[in-house]
Every structure is written in structure tokens, then in C-alpha cells.
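One structure is given below, encoded as C-alpha cells.
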Amino acid sequence: VQLQASGGGLVQAGGSLRLSCAASGNIFDVHDMGWYRQAPGEQRELVAQITRFGSTNYAEPVKGRFTISRDNAQFTIYLQMDTLKPEDTAVYYCKAGIVIGGGKNRPADYWGQGTQVTVSS
């Protein structure tokens, strides 16, 4: 199983980016999925989460600016980031709770490789 994240880049403050993260491999089911970020010298922090039923949760700094969504059929999540600020600069990681194989196991957490988002002032 692997998670492949994409969509990062360099953008000016006030701009937008859309991140994608697709899970692939021997997947039976995907439970909660989410985006985290880690700025230099900082701990990794939650940005947004979404359950397989579509319920969402956002960190306070991104509420009203970021939107998380998912395509269950494609095991993919997205993060639409609008009105970006320099403080959003970080490496963004996706995480998913995945049940593999025949579906008899509890979900295990898998992480993507990270994608750099840089917002210039």
C-alpha cells in the first residue's frame, strides 16, 4: 500500500493550490483520511480530516480557507487551499487509515511522502 501526494508548489499570498493524495495497493477499505503539515523547526500538525462518510474537521488556522474532500471510489483525497498565507508554508503530508487484504484486520495508518507548499509574501 502506498499514498502518493501531489499538487504542491510556490504561490503568492492570496493564491490557491489544490493537493491530491491517492492510495493504491492491496486495499480492502479506507477509513479516515487527512492532511497534516510540518513547517521547518515545528512539529507535524493536523490540517484537516475527513471520514469515509464525509464528515470533516479542520484546524482553526485554516477554517474558511481550506476544503477537504474525497473520492471513495478512487481512494483519493483533495485539499483545496484558498487565500493562502505565508504561514501556510510547510511540507504537507496525507494520512489514511487503511484495511488491507481480505478485510479482517483493523485499519492501519499509512503516510504519503509529503509535498512542499511555499507561500511568498
Treat each ILVMFWY residue as a node, draw an edge where side-chain heavy atoms are under 4.5 Å apart, and state whether Ile77 and Ile27 are in one component. yes
Could you tell me whether the side chain of Gln2 reaches within less than 4.5 Å of the side chain of Gln113, counting heavy atoms only? no
For residues Asp88 and Phe66, determine if any side-chain heavy atom of one lies less than 4.5 Å from a side-chain heavy atom of the other. yes
Please find the pair of heavy atoms, one from Ser16 and one from Asp82, that lie closest to each other, and give the distance. OG-OD1, 2.7 Å
Taken to the nearest 0.5 Å, the spacing of Thr56 OG1 from Ile68 CD1 works out to 8.0 Å
Got a sec, which residues hit side chain to side chain donor-acceptor pair (under 3.5 Å) with Asn105, two or more places apart in sequence or on another chain? none
Nearest heavy atoms of Pro86 and Ser121, plus distance in Å: CG-CB, 3.8 Å
Test item: Trp111 and Arg44 side chains (from C-beta on) under 4.5 Å apart, heavy atoms: yes
Which pair of non-hydrogen atoms, one from Leu84 and one from Val11, has the smallest distance, and what is that distance? CD1-CG1, 3.5 Å
Does Asn72 use its side chain to pair, donor to acceptor, with the backbone of Arg52 at less than 3.5 Å? yes
Distance check, rounded to the nearest 0.5 Å: Gln80 atom CD versus Leu17 atom CG? 8.5 Å
Minimum heavy-atom distance Leu3-Ala23, with the two atoms named: CD2-CB, 3.2 Å
List for me each residue that meets side chain to side chain donor-acceptor pair (under 3.5 Å) alongside Arg18, sequence neighbours excluded, and say none if there are none. none
Which atom pair, heavy atoms only, marks the closest approach of Gln38 to Gln43? CG-C, 4.1 Å
Measuring only between side-chain heavy atoms, which start at C-beta, is Met33 closer than 4.5 Å to Cys94? no
If two hydrophobic side chains count as joined below 4.5 Å and joins carry through other members, does Val119 share a cluster with Val91? no
With rounding to the nearest 0.5 Å, note down the distance linking OH in Tyr78 to OG1 in Thr67. 14.5 Å
Group every Ile, Leu, Val, Met, Phe, Trp and Tyr by side-chain heavy-atom contacts under 4.5 Å, then state whether Tyr58 and Met81 land in the same group. yes
Quick check for you: to the nearest 0.5 Å, what is the distance between Asn57 atom CG and Leu46 atom CG? 6.0 Å
Are side-chain heavy atoms of Ile100 and Tyr110 found at a separation under 4.5 Å? yes
Any side chain to side chain donor-acceptor pair (under 3.5 Å) pairs touching residues 91-104, not counting sequence neighbours? Tyr36-Lys95, Arg37-Tyr92
Check: Thr89 and Gln116 side chains under 4.5 Å, non-hydrogen atoms: yes
Are Arg70 and Val30 packed together at the side-chain level, in the sense that at least one heavy-atom pair is separated by less than 4.5 angstrom? yes
